[in-house]
Amino acid sequence: MTPSTPEPSQVTYATCPLCEATCGLEITTTGRQITGIRGDPADVFSHGYICPKAYSLKELDADPDRLRGPMLRQGGQWRAVSWDDAFAEIARRLTPIQQQYGRDAVAVYLGNPNVHNLSGQLYNTPLLRALGTRNIYTASTLDQMPKQVSAGYMFGTMLSIPIPDVDRADYLLILGANPLVSNGSLMTAPDMRGRIRALLARGGRVVVVDPRRTRTAAEASEHLFIHPGTDPHFLFALVHTLFAEGLVNPAHLTEHLNGIEELRALAAPFTPEAVAATCGITPDVTRRIARELATAPRAAVYTRIGACTQQFGTLTSWLGDVLNALTGNLDRPGGALFPRAAAGARNTSGLPGTGKGIRPGFKKSRVRGLPQIYGELPTVCLAEEITTPGDGQVRALITIAGNPALSAPNGDRLNAALGQLDFMVSVDCYLNETTRHADVILPPPSPLQRAHYDLAFYQLSIRNIAHYSPPVFPRESGQLDEWEILLRLTAIAAGQDATIPAAVIDDMVASQLVQREVRTAGSPVEGRDSAELLAALQPRRGPERLLDFLLRTGPYGDAFGARPDGLTLAQLEAAPHGIDLGPLQPRIPEVLRTPSGKVELAPPLIVADVERLRAALDHPRPPVVLIGRRDLRSNNSWMHNLHVLVKGDDPCVLLVHPQDAARLNLAEGVAARVTSAAGSVAAPVHITDEMMPGVVSLPHGWGHGVPGSQMRIAAEHAGVSINRLIPDDAVDPLSGNAILNAIPVTLAPVK
Ligand SMILES: Nc1nc2c(c(=O)[nH]1)N[C@H]1C(S)=C(S)[C@@H](COP(=O)(O)OP(=O)(O)OC[C@H]3O[C@@H](n4cnc5c(=O)[nH]c(N)nc54)[C@H](O)[C@@H]3O)O[C@H]1N2
Ligand SMILES: Nc1nc2c(c(=O)[nH]1)N[C@H]1C(S)=C(S)[C@@H](COP(=O)(O)OP(=O)(O)OC[C@H]3O[C@@H](n4cnc5c(=O)[nH]c(N)nc54)[C@H](O)[C@@H]3O)O[C@H]1N2
Ligand code: SF4
Ligand SMILES: [Mo]
């Protein structure tokens with residue numbers, strides 16, 4: 001035997017793509033083996049911070065259940081096929097459906113990991129255009145759509161979302177978020193625990209409003225229980241108090257605001273006394289919080305998913321920013337500011353200070369008539385669009401990085417609907433609860449085999465950051481990158497030859513992007529020759545070419561020579577720990593894209609919904625309501641096949657307050673039957689006074705082990721799906737967003 005020379009070990013710096021925090025990782029490898037994953041201490045943003053999910057990337061990469069090649073289902077059996085055969089089959093089945101029933105017959109569902117993936121960010125749009133369907137559904141209407149709508153009306157683009165300046169604030173009012181567990185959302189901020197501790201150490205205060213005493217609440221200066229779904233009443237009472245006590249002081253913003261006097265009138269009915277019983281917060285506490293917010297030197301109100309996924313999600317999202325404006329904290333350091341992202345932000349493109357604003361969609365969903373918002377229909381409509389016969393019925397579905405079978409309301413109904421499709425394609429790495437219904441599955445490479453740049457999250461970040469990371473491992477030979485999969489689907493969707501190589505369509509996508517930009521008024525390359533710019537991007541291809549273009553035409557970019565020291569992708573490649581572009585800076589009025597060029601504090605469609613809110617003050621409260629929660633070692637529905645994350649205590653338990661448990665005869669560790677208008681599940685009870693009495697909680701993303709799925713470890717830790725309990729008949733009307741919290745339920749011990 002000859003002694004083998006040990007392979008040299010190598011270090012790659014990568015951005016963790018799993019959540020919004022964008023932590024820098026230092027990944028050590030030997031050949032195709034990962035020998036270490038740790039936080040990158042030199043990362044300009046995360047400084048070495050990571051959470052337990054980062055380690056799971058190794059297991060995710062190695063997971064034998066993760067699909068490595070295309071799969072085709074025939075006669076109830078799955079078999080591995082070549083890429084060409086997979087695309088040929090898709091063309092054979094999809095095109096006739098488009099031809100016979102029209103473009104709307106093909107629906108698309110885009111899931112959350114698309115926003116964590118350069119391919120999804122850059123190449124879903126060409127596919128959607130080629131499909132030409134109005135049946136576009138995404139996880140956004142299960143999540144942040146209300147915030148996008150309120151931001152759009154107030155500031156002019158959907159991602160102009162004011163971000164709390166956590167590192168400089170003296171006071172934070174947090175509603176419906178648990179960033180110590182979720183690691184932050186619509187607030188990219190690695191190590192929120194450290195940042196909150198620093199805020200408290202400099203004498204600041206953090207107040208958390210939540211029906212559950214969460215980890216974030218436990219870390220805060222004060223926690224207020226609130227009845228689920230009543231945040232807008234509480235926030236309106238704060239607005240009311242500011243006006244009543246002469247505490248409204250927009251300061252530097254005054255000349256940039258429209259609608260202050262309208263707000264005063266709108267807030268009139270919402271006195272602290274009027275909302276007290278509804279919210280479960282006493283008038284003296286409400287007044288004190290209003291005064292604290294108004295008098296803190298630098299404060300921010302932050303609302304997140306618990307505040308979005310409720311009956312009045314858009315009003316709640318709006319009121320948070322109204323408070324930021326009325327207290328003069330909007331757009332000032334230490335308050336809530338707009339990031340200035342290096343690439344891809346609408347609020348850095350075109351002419352500054354004014355724009356078209358946003359308008360609600362003209363198109364409506366076929367069955368229920370709910371409005372299309374930002375080109376999307378509400379995901380709660382998907383099942384009925386599949387099952388209701390008639391012109392425009394959905395007959396085929398493409399899911400990309402989504403698991404609506406577990407993540408969307410009324411899971412039983414949606415699962416039945418998915419089973420009824422004529423044809424379904426999933427771009428996905430697992431054979432799971434959703435993709436088991438597919439006819440063809442096209443798997444992307446492992447997250448460690450692709451480059452990364454957080455196009456979305458740097459638009460929502462507490463500092464301006466730019467960080468590109470290359471793949472840790474090369475792809476296996478023959479494996480397509482996800483953008484190549486999407487472009488081959490694009491060709492099929494456009495009715496073209498299924499064998500057209502991705503590179504050909506990629507050239508068209510790049511050329512269209514460049515041509516659009518040179519025609520954009522206010523662009524740093526306005527009027528330039530697009531052929532010259534395309535040549536300057538050589539020899540890059542795929543996401544790197546598009547990203548380089550977005551960076552170079554972005555606010556820090558080199559504008560292809562016009563700003564010689566400006567940013568390029570090459571500079572990011574030379575900075576493996578990222579580039580810090582500094583703290584957030586005031587951007588009003590330049591950031592605005594409203595037709596008036598002002599911040600619209602009282603947008604007409606939002607104002608029109610206030611009467612519904614006032615009427616809700618008189619509604620009786622159900623005895624028990626259900627809310628969701630997140631767990632640190634979990635990520636929505638799809639990382640439960642990784643032993644490192646699921647070992648230990650069962651996270652899928654029903655949290656119940658001791659008083660409720662006693663009243664309803666529920667015992668610790670014993671299953672309770674939870675029943676709602678939509679369905680019924682049984683889950684083990686955990687009794688804890690961290691819940692508000694009358695409120696119970698289940699996490700989402702569980703309910704594995706269903707027939708036909710192939711995730712062995714997840715099946716051993718199946719849990720139950722909360723979304724079997726969540727009705728799909730009601731939405732926040734302004735955003736079409738699902739209502740996932742404050743669901744009336746009854747509880748009974750399982751005999
Ligand atoms: N009741 C209740 N329901 C909820 C929520 C809640 O709080 N309560 N939260 C909602 C929220 S905020 C969200 S974002 C949604 C999430 O809802 P979804 O986006 O529908 O579901 P995920 O669980 O994120 O599933 C992601 C899917 O993408 C696949 N995947 C992972 N990485 C990749 C990749 O790189 N490429 C591709 N092509 N596929 C990949 C996974 O295998 C999985 O099938 O759930 C929502 N549902
Ligand atoms: N570990 C982990 N991290 C994640 C995810 C995950 O699944 N696991 N998912 C990622 C995704 S897709 C997202 S969108 C983000 C979400 O990030 P966050 O918004 O921080 O999400 P949660 O941790 O669910 O926190 C929501 C909080 O709202 C509370 N809540 C529920 N109903 C109400 C209500 O009516 N009013 C108020 N005031 N509070 C309410 C819940 O008790 C909970 O504490 O997290 C991301 N990060
Ligand atoms: S906090 Fe998010 S980005 Fe950071 S290591 Fe954990 S999963 Fe990755
Ligand atoms: Mo989400």
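One-based numbering, in listed order, for ligands and for the atoms of each. For the single chain, residues carry numbers from 1 onward in sequence order. Both backbone and side-chain heavy atoms feed into the values below; hydrogens, waters and symmetry mates do not.
Note on ring orientation: taking the six-membered ring where Trp is involved, the planes of H704 and W702 are perpendicular (angle over 60°, cut-offs 30° and 60°).
Residue contacts with ligand 2 include P211, since one of its heavy atoms falls under 4.0 Å from the ligand. Proximity of N183 to ligand 2 is not established, as no heavy-atom distance is less than 4.0 Å. Contact analysis puts K53 in contact with ligand 2, with a non-hydrogen atom separation below 4.0 angstrom.
Ligand-side atoms of ligand 2 in range of D210: 27 (C), 28 (O), 29 (C), 41 (C), 42 (O), 43 (C), 44 (O), range being under 4.0 angstrom from any heavy atom. Atoms of ligand 2 lying under 4.0 Å from any heavy atom of Q310, numbered from 1 in the order shown and given with element: 34 (C), 35 (O), 36 (N). Distances below 4.0 Å separate heavy atoms of D631 from the following atoms of ligand 2: 1 (N), 2 (C), 8 (N). Those atoms of ligand 2 with a heavy atom of I226 less than 4.0 angstrom away are 38 (N).
Summarising the geometry of T490 relative to P126, their closest heavy-atom pair is CG2-O, 3.6 Å, with the distance given to 0.1 Å.
V731 is linked by a side chain to side chain contact (heavy atoms under 4.5 Å, CB included) to L370, V380, counting only residues two or more places apart in sequence or in another chain. Residues passing the side chain to side chain contact (heavy atoms under 4.5 Å, CB included) test with H116 are E20, N112, F457, sequence neighbours excluded.
The shortest N/O to N/O separation between V181 and ligand 2 falls below 3.5 Å. Below 3.5 Å of separation, one finds no N or O of R212 facing any N or O of ligand 2. Polar contact with ligand 2: present for G229 (N/O pair, distance under 3.5 Å).
Using a 4.0 Å cut-off between heavy atoms, T230 makes no contact with ligand 2 at all.
Aromatic rings of H467 and Y453 (six-membered ring for Trp) have centroids beyond the 6.0 Å cut-off, not under it. Separation of the H47 and Y49 ring centroids does not fall under the 6.0 Å cut-off. Under the 6.0 Å cut-off for aromatic ring centres, F236 and W318 qualify, their centroids lying closer than that.
At a 4.0 Å heavy-atom cut-off, the residues surrounding ligand 1 are Y109, G111, N112, P113, N117, A139, L142, D143, I305, A401, G402, N403, P404, S407, V427, D428, C429, Y430, N432, P444, R450, E482, R630, N636, S637, W638, H700, I722, N723, I726, L740, listed by chain and number.
One finds a salt bridge joining R413 and D728 here, because a Lys/Arg side-chain nitrogen approaches an Asp/Glu carboxylate oxygen to under 4.0 Å. Residues E484 and R475 are paired through a salt bridge, judged by an N-O separation under 4.0 Å between the basic side chain and the carboxylate. Salt-bridge annotation for D649 and R633: absent, with no side-chain N of the basic residue lying under 4.0 Å from a carboxylate O of the acidic one.
Y430 and D63 are linked by a side-chain donor-acceptor pair at a separation below 3.5 angstrom, with hydrogens and angles left out of the test. For the residue pair N124/N114, the side-chain donor-acceptor check at 3.5 Å is satisfied.
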Quiz prompt | Verdict with supporting geometry, R193 and E219, salt bridge (Lys or Arg N to Asp or Glu O under 4.0 Å) | solution = CA-CA 8 Å; R193 180 191 299 273; E219 193 79 28; 3.0 Å; yes
Practice problem: Start with the C-alpha gap between S140 and E376, add the side-chain angles, then the distance that decides, and say whether side chain to side chain contact (heavy atoms under 4.5 Å, CB included) holds. | Solution: CA-CA 9 Å; S140 293; E376 296 184 23; 3.8 Å; yes
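Around atom 4 (Fe) of ligand 3, the protein contributes the following N, O or S atoms under 2.8 Å, ordered by chain and number: C23 SG.
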